[in-house]
**Q** 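First the structure, which I've put down as structure tokens, then a few questions once you've had a look.
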Amino acid sequence: MKPRVALLLFLAAVAAPAIAQPFPAKPVRIIVGFAAGGPTDVIARIMAQDMTASMGQTVIVENRAGANAIIATDLVARAAPDGYTALFSSLSLLVNAILQPDKIKYDPFKDFAPVSNAALLPQLIVTRPSTPVNSLRELVALAKKYPGEVTYGSAGHGGSAHLAGALLETLGGIKMTHVSFRGNAPALVDVMSGQVTFMFYPMIGIAEHVNAGRLKVLAVGTPQRHTDYPKVPTVVEAGMPGLVDTAPWVGLIVPAATPAAAINRLSEEMRKSLARTETQGRLKALGANTVGDTPAQFQEFLKKDYERWSRVIKAAGVKAE
């Protein structure tokens with residue numbers, strides 16, 4: 001046998017076990033673009049715990065907060081497309097690209113491949129108990145009577161609560177004033193004090209304020225009444241079913257060229273996690289509705305979500321800060 005042929009056969013024999021090694025062969029890193037303790041981070045960690053147990057490899061959650069998740073998104077867009085670095089993303093993936101097309105370095109569709117949508121986080125419309133409105137219809141009527149004087153808070157410009165308020169303006173044919181804060185907590189404080197009229201707020205952590213009489217709920221952003229707020233009408237009952245779509249999503253995406261085998265394995269493990277009774281109970285306690293779809297289904301959802309928020313942002317005249 002010629003030396004060159006023998007060398008090639010030797011190298012092929014050495015490389016074969018590595019090539020045949022199934023995914024994952026080492027720890028998987030999930031990047032979260034928000035601070036630890038928030039809903040996106042908490043849900044990512046619940047799933048990472050389940051996936052670590054089922055895959056036999058550690059799934060690590062790493063926080064890279066800042067710039068409405070742009071820092072984390074850019075990091076994953078440039079990561080090796082091998083399935084070992086993923087992004088637990090949210091609405092910001094699409095909104096950043098819509099609001100700042102000339103500044104954002106990534107393309108939400110060309111640079112990423114969807115894995116699975118984990119959950120939706122329905123929002124409540126909350127206000128101070130002394131506010132002279134007791135329903136969403138009355139809120140809209142107040143805004144029509146006093147254009148621009150009704151204010152709504154949010155955790156930041158271009159975030160889910162801001163866009164929900166903008167959508168309410170377009171659906172109701174009203175004009176309100178958006179007040180941006182650095183996070184949900186300070187926004188909620190000003191709503192409770194009456195400095196801001198109302199806000200859209202995720203169900204997580206809001207019940208204690210409602211039960212203590214510091215807030216009242218005007219509407220629930222779900223198709224049917226929620227078991228935690230059975231006496232509160234839904235946005236559908238208030239005549240604005242489009243507000244159901246304001247529920248922020250959280251899901252897993254990877255760099256675009258990631259092998260299908262790795263994407264499908266991650267998606268399968270996510271769906272396994274989200275199908276567990278214990279996991280569903282933990283997410284329900286957070287106010288989240290589990291999804292757990294396929295990569296193709298998540299891709300279709302993202303396209304529709306992008307189109308919806310593009311229309312809202314254009315109609316409401318929302319600009320980047």
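Predicted model only: the values in this text are computed from it and were never measured.
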**Q** Should Y84 and P24 count as side-chain neighbours, where that means a heavy-atom distance under 4.5 Å?
**A**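 They are in contact (side-chain heavy atoms under 4.5 Å apart), so the answer is yes.
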**Q** Can you name the nearest heavy-atom pair linking E237 to R137, along with the distance?
**A**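 Looks like O-NH2, 3.1 Å.
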**Q** Quick one: pull up OG in S92 and CG in N68 and give me the separation to the nearest 0.5 Å.
**A**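 Atom-to-atom, S92:OG and N68:CG are 5.0 Å apart.
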**Q** Rounded at 0.5 Å granularity, tell me how far CD1 in I174 sits from CG in L168.
**A** 4.5 Å
**Q** Strictly distance-based, threshold 3.5 Å: is any side-chain N or O of T58 a donor or acceptor partner for the main-chain N or O of I60?
**A** no
**Q** If Ile, Leu, Val, Met, Phe, Trp and Tyr residues are connected whenever their side-chain heavy atoms lie under 4.5 Å apart, and connections chain through other members, are I263 and F301 in the same group?
**A** no
**Q** Kindly compute the distance separating CG (L167) from OG1 (T246), expressed to the nearest 0.5 Å.
**A** 7.0 Å
**Q** Set out, in order, the CA-CA distance, both residues' side-chain angles and the distance that settles side-chain contact (heavy atoms from CB on, under 4.5 Å) for N264 and F23, then state yes or no.
**A** CA-CA 10 Å; N264 291 334; F23 176 89; over 6 Å; no
**Q** Who else is in the cluster with L215 when I, L, V, M, F, W and Y are joined by side-chain contacts under 4.5 Å?
**A** L124, V126, V179, F181, L188, V191, M192, V196, M199, Y201, M203, I206, V210, V217, V220, Y229, V232
**Q** Do the side chains of I31 and V61 join up, straight or via other hydrophobic residues, at under 4.5 Å, putting them in one cluster?
**A**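 Different clusters: I31 never reaches V61 through Ile, Leu, Val, Met, Phe, Trp or Tyr contacts under 4.5 Å.
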**Q** When rounded to the nearest 0.5 angstrom, what distance separates CD in E169 from CG in L171?
**A**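 Going from CD on E169 over to CG on L171, the span is 10.5 Å.
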**Q** If you compare all heavy atoms of Q224 against all heavy atoms of T222, which two are closest, and at what distance to 0.1 Å?
**A** O-OG1, 2.6 Å
**Q** Does the plane of the ring in Y306 sit parallel, tilted or perpendicular to the ring in F109? Use 30° and 60° as the thresholds.
**A**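 Geometry flag for F109 against Y306: perpendicular rings.
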**Q** Check whether any side-chain heavy atom of K216 sits under 4.5 Å from a side-chain heavy atom of N134, and report yes or no.
**A** yes
**Q** Could you go through the side-chain contact (heavy atoms from CB on, under 4.5 Å) check for V115 and M270 one step at a time?
**A** CA-CA 9 Å; V115 175; M270 276 186 66; 4.0 Å; yes
**Q** Do V150 and L139 make a side-chain contact, defined as non-hydrogen atoms from C-beta onward lying under 4.5 Å apart?
**A** yes
**Q** To the nearest 0.5 Å, what is the distance between OG1 on T40 and CZ on F34?
**A**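 It comes to 5.5 Å.
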**Q** Would you mind reporting whether V32 and L87 have side-chain heavy atoms less than 4.5 Å apart?
**A**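 No. Closest side-chain heavy atoms not under 4.5 Å.
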**Q** Please report the interatomic distance CG(D41) to CG(N63), rounded to the nearest 0.5 Å.
**A** 4.5 Å
**Q** Looking at side-chain heavy atoms only, is the closest gap between P122 and H226 below 4.5 Å?
**A**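 Sidechains of H226 and P122: no contact.
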**Q** Does a side-chain heavy-atom distance below 4.5 Å link V254 with L266?
**A**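 They are in contact (side-chain heavy atoms under 4.5 Å apart), so the answer is yes.
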**Q** Taking C-beta and beyond as the side chain, do F112 and P114 meet within less than 4.5 Å on heavy atoms?
**A** no
**Q** Does E149 offer a backbone N or O that forms a donor-acceptor pair with the side chain of T177 under 3.5 Å?
**A**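 Side chain of T177 to backbone of E149: no pair is present.
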**Q** Closest heavy-atom contact between G213 and P129?
**A**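 The answer is O-CG, 3.1 Å.
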**Q** Could you walk me through whether L283 and L274 pass the side-chain contact (heavy atoms from CB on, under 4.5 Å) test, one step at a time?
**A** CA-CA 9 Å; L283 294 188; L274 294 167; 3.7 Å; yes
**Q** Applying salt bridge (Lys or Arg N to Asp or Glu O under 4.0 Å), name anything that partners R308, two or more places apart in sequence or on another chain.
**A**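 Only D245, D305 meet the salt bridge (Lys or Arg N to Asp or Glu O under 4.0 Å) criterion with R308.
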**Q** Can you tell me if T290 uses its side chain to pair, donor with acceptor, with the backbone of Q280 under 3.5 Å?
**A** no
**Q** Say whether, by atom type as modelled, one donor and one acceptor occur between the side chain of T197 and the main chain of T151 under 3.5 angstrom.
**A**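 Yes: the side chain of T197 pairs with the backbone of T151.
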**Q** Given side chains that start at C-beta, do those of E138 and P132 come closer than 4.5 Å, heavy atoms only?
**A**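 Side chain of E138 against side chain of P132, heavy atoms only: no contact under 4.5 Å found.
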**Q** If you compare all heavy atoms of I43 against all heavy atoms of A288, which two are closest, and at what distance to 0.1 Å?
**A** CD1-CB, 4.2 Å
**Q** I'd like to know whether L286 forms a side-chain contact (heavy atoms from CB on, under 4.5 Å) with V42, so could you lay out the CA-CA distance, the side-chain angles of the two residues, the decisive distance to 0.1 Å, and finally the verdict.
**A** CA-CA 9 Å; L286 292 172; V42 171; 3.6 Å; yes
**Q** Provide the full list of salt bridge (Lys or Arg N to Asp or Glu O under 4.0 Å) pairs with a residue in residues 263-276, sequence neighbours left out, each pair given once.
**A** D50-R276, R265-E269, E269-K272, R276-E278
**Q** Could you tell me which non-hydrogen atom of F88 sits nearest to which non-hydrogen atom of A44, and how far apart they are?
**A** CD2-CB, 3.5 Å
**Q** Between H162 and Y152, how do the two ring planes meet: parallel, tilted or perpendicular, split at 30° and 60°?
**A** tilted
**Q** If you measure only the distance, is there a donor-acceptor pair under 3.5 Å linking the side chains of T294 and Q297?
**A**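 Judged by distance alone, the side chains do pair up.
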**Q** Are V291 and V250 in one and the same hydrophobic cluster, where Ile, Leu, Val, Met, Phe, Trp and Tyr link if side-chain heavy atoms are under 4.5 Å apart?
**A** no
**Q** Determine, using the 4.5 Å side-chain heavy-atom cutoff (strictly less than), whether L121 and F298 are members of one ILVMFWY cluster.
**A** no
**Q** Indicate whether any N or O donor in one side chain lies under 3.5 Å from an N or O acceptor in the other, for R128 and Q195.
**A**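 Side-chain D/A pair, R128 to Q195: absent.
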**Q** Mark yes or no for whether T234, through its side chain, and V236, through its backbone, hold a donor-acceptor pair below 3.5 Å.
**A**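 Yes: the side chain of T234 pairs with the backbone of V236.
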**Q** What is the minimum heavy-atom distance between G33 and A72, and which atoms define it?
**A** CA-CB, 3.5 Å
**Q** Taking D293 for its side chain and N117 for its backbone only, find out whether a donor-acceptor pair lies under 3.5 Å.
**A** yes
**Q** Give the cluster check for V28 versus L252: same hydrophobic cluster or not, with ILVMFWY residues linked at side-chain heavy-atom distances below 4.5 Å.
**A**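 Looking at the clustering, L252 is in the same group as V28.
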